[in-house]
Amino acid sequence: MKVTKFGGSSLASAEQLSKVLEIIKSDKQRKFIVVSAPGKENPVDTKVTDSLIAYHDAYVTGAELSEIQNSIINRFKRIIEALQINPKLIDIITKDILSLSQLPQEDNPYLYDTFLAAGENNNAKLVAEYFRQNGLKARYINPGQAGLIVSNEPQNARILPSSYDKMEKLREYEGILVIPGFFGITADNHICTFSRGGSDITGSLIAAATSADLYENFTDVDGMFAAHPGVVKNPHSIKELTYKEMRELAYAGFSVLHDEALIPAYRGQVPLVIKNTNNPSHPGTKIVLERSTDKNPVVGISGDDKFISINMSKYLMNREVGFGRKVLQILEDLHIRWEHMPTGIDDLSIVIREREMTPIKEKEILTYLTHNLEVDEVSVTKNLSIIMIVGENMKSHVGVTATATKALSENKINITMISQGSSEVSVMFVVNSKDEKKAIKALYQAFFKE
Ligand code: ASP
């Protein structure tokens with residue numbers, strides 16, 4: 001039995017939906033279908049979820065609503081008409097979209113979530129009706145009926161552990177169930193969404209709760225590429241990847257799947273595959289607990305920009321008890337998340353994402369380090385990128401870092417920092433952002449082409 005999730009681009013138009021129908025028809029094991037809201041039909045199009053945000057904002061600021069309401073309704077209407085789905089559904093969806101502007105604004109922490117969830121909720125109804133009209137025994141089921149009960153954290157919901165038992169019962173339903181992704185219901189019956197892109201999480205939760213044999217995540221690419229196709233020309237797609245490798249690659253720029261979507265499938269030990277709605281015969285990328293085929297030390301190379309580092313040095317830093325804690329304390333006080341902390345004997349750098357810093361926070365940190373911690377030197381380096389080479393097999397290979405540094409040095413790329421965790425799943429290089437693309441190309445060449 002399989003849980004199959006379709007992302008917004010797979011459901012953006014009538015044409016895409018007909019591909020989805022064929023995919024479901026072609027495999028009887030596809031029993032739980034999780035859907036996103038319709039995404040972009042073309043690069044300049046707007047995702048329904050983004051239109052719902054605009055609708056919410058117009059509602060709370062008292063702006064004119066009919067234009068945005070109509071644009072959302074028309075998105076669904078166009079699909080329904082093109083697929084000749086029962087036109088009654090247009091009335092149902094219209095009523096639902098209009099009813100959002102009757103919701104109370106005061107004391108309603110779930111208002112935003114309720115607007116957003118309308119995208120997936122109405123789309124699930126549409127998909128179920130379309131399946132039914134094409135001979136499939138399918139029905140829509142909402143997250144409340146499905147037992148997906150979540151915490152009271154608007155836009156950041158988490159599943160309540162007790163939900164798993166309830167959701168396990170989904171196995172008993174006959175036929176195909178179409179479930180809207182992205183949101184659950186709180187114990188006190190409010191709609192509460194996961195963070196953006198959260199339909200992946202719904203699919204993963206259902207796969208884990210029902211002990212599915214496979215969680216299929218359909219998107220618009222042939223799985224995960226070994227490097228970003230915008231940087232490396234025609235990179236190969238990865239056949240198999242472990243959960244740990246996926247997490248490391250996703251951390252630095254591979255955004256094929258929501259970060260949190262890995263955990264439930266991982267804990268439930270359900271294998272996951274990323275496939276392409278536009279090319280369903282391609283095997284895609286399988287995410288597994290243990291890789292069986294590819295014994296290469298490196299499976300993929302990722303990179304992400306917009307990092308900065310706070311660098312400090314102090315003579316005899318290594319002998320000063322509590323120095324590290326005091327540095328991290330100031331970050332905690334300023335509510336700054338840090339990512340990496342490469343150290344030397346007398347120096348220490350803290351790498352953070354650029355968005356965590358403001359000019360005021362930067363000034364406070366520098367003053368604190370100089371006056372309270374009496375460091376000898378302190379500086380902030382901007383425009384940094386992180387490059388990761390990822391592969392669980394690195395731990396059983398000697399010379400992987402040597403190959404990487406050789407490739408970087410031959411391309412005259414200065415490595416600002418280097419770091420490897422004890423699990424040896426990845427090696428991270430910090431470089432100036434101007435060298436990021438060059439570095440990824442050089443590493444791809446070194447690990448996959450030579
Ligand atoms: N529609 C939601 C979003 O755009 C959730 C999803 O597609 O996964 O974030």
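Nothing here was measured: the structure is a model prediction, and the numbers come from that model. Atoms within a ligand are numbered from 1 in the order they appear, just like the ligands themselves.
- Sorted by chain and number, the residues within 4.0 Å of ligand 1 by heavy atom are Ser36, Lys47, Thr49, Glu120, Phe182, Arg196, Gly197, Gly198, Ser199.
- The residues Glu216 and Lys275 are annotated as not salt-bridged, no charged nitrogen and carboxylate oxygen being separated by less than 4.0 angstrom.
- We find that Asp305 and Lys437 are not joined by a salt bridge, their nearest charged nitrogen and carboxylate oxygen being 4.0 Å or further apart.
- Ring-centre distance between His236 and Tyr444: below the 6.0 Å cut-off.
- The residues Asp220 and Lys40 are annotated as not salt-bridged, no charged nitrogen and carboxylate oxygen being separated by less than 4.0 angstrom.
- For the side chain to side chain donor-acceptor pair (under 3.5 Å) condition, the pairs that include at least one residue of residues 122-135, sequence neighbours left out, are Asp96-Asn122, Glu129-Arg132.
- Between the side chains of Asn383 and Glu354, no donor-acceptor pair of N or O atoms lies under 3.5 Å.
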